[in-house]
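Values in this document were obtained by computation on a predicted structure and should not be read as measured data.
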Amino acid sequence: MIGFLRYLGSFLGFTSWYGVQILGSALFGVKQRPGGVYDRCSRGWARGMLWGTGMKARVVGRERLDPSVPVVYVSNHASFADIWAIITEFPGTVRFVYKRQMDWIPIFGLCLRAMKHIPIDRKRKSKTFAAYDGAAEQIRQGISAVVFVEGTRSLDGRLLPFKKGSFVLAILAQAPVVPVFCENTHALMPSGSFSPKPGMVTLHIGAPIPTSGLGHEDRDRLAGAARVALLGLGAEEGEQ
């Protein structure tokens, strides 16, 4: 019960506090810029969620996080805590690919749109491809995209089959793919739980996989290389 109350209080409090700043900035036409109000509020919210739930985050392979090079991060996904840790620890301007259904979450959905995160409606392929075209242009302009490559949260923490959209996006943008393995988030806050446990989240960063010169037909090969890399990062900690 204590864990649930801490989570609920943190979500309502920090989402409201930073949401007002984000929506107010958008209303007054504040532009997106590196380190600007949208980036600061995003990190403030994520750090607040970690603090409020008693979690901390650390990075293994931080030297592979280069804010001067826009990339597509492909990550496993077992918990909401993955999101908090990534936003807190990753440098530069980072935006997530997310399910369009999240637009309906009060305040939160409006903030996602105001900050130009990337909504995907997988039920409508024509709109999905259009969204990836727009996202690729954002990446070319300097943002990095985070894609939870399984398309949903894993129920047992094991790596699910990959969706190919993230690799299509990376090829369209001609941006490197950087594998990310989120360790311990399933143990602290598994899918379906709203009562997180205090503890340490570790983000393992893999070597960038280049996409320069690749075409649409290379997406399966790129996905295979990313899967091998993610399994390797997980195996380092015995979490394959």
Side-chain angles (χ1 to χ4, degrees), residues 7-53 57 65 67-68 70-75 77 79-124 126-149 151-153 165-166 169-170 172-173 175 180 194:
Y7 168 74
L8 183 62
S10 298
F11 183 80
L12 293 176
F14 289 115
T15 300
S16 298
W17 173 251
Y18 289 107
V20 166
Q21 297 178 60
I22 290 167
L23 297 177
S25 298
L27 182 64
F28 284 99
V30 177
K31 302 295 184 182
Q32 303 269 346
R33 66 176 182 83
V37 62
Y38 302 108
D39 288 355
R40 292 197 305 272
C41 286
S42 180
R43 289 196 174 89
W45 174 81
R47 288 168 180 161
M49 291 303 301
L50 288 176
W51 172 82
T53 54
L65 297 175
S68 68
V71 303
V72 175
Y73 296 109
V74 294
S75 174
H77 190 26
S79 171
F80 289 140
D82 302 328
I83 300 169
W84 310 334
I86 287 172
I87 295 175
T88 295
E89 295 295 335
F90 281 20
T93 298
V94 176
R95 298 292 181 262
F96 283 78
V97 173
Y98 72 95
K99 296 178 182 178
R100 184 174 287 278
Q101 294 90 325
M102 294 178 68
D103 282 347
W104 298 104
I105 301 175
I107 301 179
F108 191 79
L110 290 172
C111 290
L112 290 175
R113 282 176 277 175
M115 297 175 65
K116 299 188 182 302
H117 288 278
I118 304 159
I120 297 295
D121 186 350
R122 293 194 180 95
K123 295 180 181 178
R124 301 180 181 181
S126 61
K127 290 191 175 182
T128 297
F129 291 132
Y132 280 137
D133 283 335
E137 179 58 29
Q138 284 182 261
I139 293 168
R140 288 190 289 268
Q141 291 175 2
I143 77 155
S144 289
V146 178
V147 187
F148 291 122
V149 72
T152 189
R153 283 176 291 165
S166 53
L169 172 60
L172 282 172
V180 179
F194 295 96

Taking C-beta and beyond as the side chain, do [X] and [Y] meet within less than 4.5 Å on heavy atoms?
| X | Y | result |
| --- | --- | --- |
| Ser166 | Val97 | no |
| Phe80 | Arg153 | yes |
| Leu65 | Tyr73 | yes |
| Thr93 | Tyr38 | no |
| Leu112 | Pro119 | no |
| Thr15 | Ile105 | no |
| Leu8 | Phe194 | no |
| Gln32 | Arg95 | yes |

Measuring from [X]:[atom1] to [Y]:[atom2], what's the distance to the nearest 0.5 Å?
| X | Y | atom1 | atom2 | result |
| --- | --- | --- | --- | --- |
| Asp39 | Ile87 | CG | CD1 | 10.0 Å |
| Ile107 | Trp17 | CD1 | CH2 | 13.5 Å |
| Ile120 | Tyr132 | CD1 | OH | 4.5 Å |
| Ile139 | Leu172 | CD1 | CG | 9.0 Å |
| Ser144 | Ile86 | OG | CD1 | 12.0 Å |
| Arg113 | Arg100 | CZ | CZ | 8.5 Å |

In terms of the angle between their ring planes, are [X] and [Y] parallel, tilted or perpendicular, with boundaries placed at 30° and 60°?
| X | Y | result |
| --- | --- | --- |
| His117 | Tyr98 | perpendicular |
| Phe96 | Phe148 | tilted |
| Trp45 | Trp84 | perpendicular |

Between Thr53 (side chain) and Leu50 (backbone), is there a donor-acceptor pair under 3.5 Å?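 A pair under 3.5 Å: yes.
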Tell me if a side-chain donor or acceptor on Gln138 pairs with a main-chain N or O of Ile118 at a distance below 3.5 Å.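 Such a contact is absent between Gln138 side chain and Ile118 backbone.
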In a check of side chain to side chain contact (heavy atoms under 4.5 Å, CB included) between Thr88 and each of Arg43, Met49, Arg47, which one passes?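 When side chain to side chain contact (heavy atoms under 4.5 Å, CB included) is applied between Thr88 and each of Arg43, Met49, Arg47, only Arg47 qualifies.
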